[in-house]
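For reference, the structure discussed in these notes is given below.
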Amino acid sequence: MRIRLTLGLTDRPGALLKALEKIAMNGGNIISIIHNREQLAGGYVPVSLSVEFPSSEHFERAKAGIEESGIPVLGTESLERRIETVIIIGSLSVDMLEKVFEGRGEIISLEFGGGSRSPHIRVMFSVSSEDRQAVLEALEELAEKNNCVLVSEEA
Amino acid sequence: MIRCGIVGYGFLGKRLASYLTRYKARGLALTILANSKGYLYSPTGFDSDSLPADIISHSGFRASNPVEVIGRGLVDLLVVLTPTNVYSGEPGLTYVREALKSGVDVVTADKGPLVVAFKELTSLAGSMGVSLCYEATVGGGIPIFSLARHSLRGDRILSIKGILNGTTNYILSRMHFEGLPLDLALQEAQMMGLAERDPSLDLEGIDSACKVVILANALLDLNKRLEDVKVKGITQVTSDAILAAKELGMTIKLVGSIEGGKLSVAPRLVRLNHPLCVHGSLNAIQFKLEILGDLTLIGRGAGESTLSALLSDIEWILAQKEASKGGR
Ligand SMILES: NC(=O)c1ccc[n+]([C@@H]2O[C@H](COP(=O)([O-])OP(=O)(O)OC[C@H]3O[C@@H](n4cnc5c(N)ncnc54)[C@H](OP(=O)(O)O)[C@@H]3O)[C@@H](O)[C@H]2O)c1
């Protein structure tokens, strides 16, 4: 499972290392680290880590370990990806669709059907639960602009 | 004796009248039958053998505006079964409003008045101490409002979703199972009497949107109007697109939903094993409840079955009147 952890680090060196150690000890695999030096929250420098953990128990243990070592965990959020399908009735270019997923999600397959008289596109994609809503809204906007209908999946 | 009037003596009106003639022994007399041209009055109540097939050609027919039966104090309970106009609410709105103002209980199958003036009418009923019942306006005979108000009142409804229009569901089902194009499926629905000659309100999702508005206002205590619903109908749905859904174990359904205060109607991909995935002219409605979780009701959303809802409303009003008599 992929998790984004936001930690409050003091500007002292070594604090981040301590956190990374707890994550590694619990099987976590760091995907990315974002330092945000400007954003001082209560004297802390927030640092966002995307981490792949083998299970939620591993994540919970890592989180507890980080907190025990005196580093506050300011936020956690699941970056679980889900695979979803939409059918867009009408016609759109591949470029337009690819743009929607730029930086958030991935197109798994694009299938064009219905011929030129009643065209549709079936799009299968993966997206984090965090970006899902935004991606669906962007798809809907794109569909509307091009006189298409977005048919999305009912949960 | 409770004197009951029916305004709108058409498909539902005639069928309801024949049920109500059996209520005399229970203290309810059917005294007024009205249509767009006027009304027929029977002070002692119609019986099954005195019930006319056509009221206009009856000798006692009074060719004047039926609203006057309220002013003249001829009814205690009015059943409004007039044709729906979801933009003006009329002619039903005037009947409902005037009846409530005069302390007459109301049962309606006409959505129009509720879509246009839900809050006004429910507060009017509240302040006059009378009932306004509308079980038949959503999902035909399926008990939605009574179930929610009685059996679910200890729980909290978080969201509501449903297949609320039998005509479009029939069309989409035929497209799914037979691969028919939309226009042929529509013609078939019209031939079977499932679709109006002008089916645009159904196809464009407006009928479903009206039902979403009533559900939101009645069950989630929102104050929404038709303009607040984001509506997309099925006119652009193709049988090829449905086939593309079918290949993945899904189909396309017109789903009305109320979630997080947002109201919408749109064609959606629904898994074939999803509880909402009902076929033909069936309706389905799914509540998400805080304690109970998901609850889905499936049933016939129009036609004769609607009488079940109308009679349930009438029974409720009779019980209320009985209770208040006992309390006095
Ligand atoms: N049928 C169903 O399955 C069903 C299910 C749920 C809800 N509903 C709703 O229930 C209502 C009645 O449906 P229905 O199928 O019975 O309709 P219907 O067969 O068309 O009957 C409508 C009746 O209303 C009368 N009417 C029209 N204007 C009137 C006015 N100004 N004052 C008094 N009466 C007037 C008509 O009289 P004239 O003949 O003189 O025009 C007719 O008798 C509609 O709002 C419908 O949407 C119907």
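Keep in mind it's a predicted model, so treat the numbers as computed, not measured. First the proteins, then the strands, lettered A, B, ... as listed; each starts at 1. Worth knowing before you read on, the calculation uses all heavy atoms, side chains too, and leaves out hydrogens, waters and symmetry mates.
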Can you tell me which portion of [X] sits under 4.5 Å from chain A's heavy atoms? Options are side chain, backbone, both or neither.
X	value
B:Ala245	both
B:Lys161	side chain
B:Lys230	side chain

Side-chain donor-acceptor pair present, [X], [Y], cut-off under 3.5 Å:
X	Y	value
B:Ser159	B:Glu259	no
B:Asp240	B:Thr238	no
A:Ser126	A:Arg82	no
A:His58	A:Ser55	yes

So does B:Lys253 pair up with A:Glu154, basic N to acidic O under 4.0 Å? no

Counting heavy-atom pairs under 4.5 Å to chain A, which of B:Ser239, B:Ala244, B:Pro181 comes out on top? B:Ala244

Where on A:Glu84 is there a heavy atom nearer than 4.5 Å to chain B: the side chain, the backbone, both, or neither? neither

Please classify the contact of A:Ile88 with chain B as side chain, backbone, both or neither, using a heavy-atom distance under 4.5 Å.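 Neither part, no heavy atoms under 4.5 Å.
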
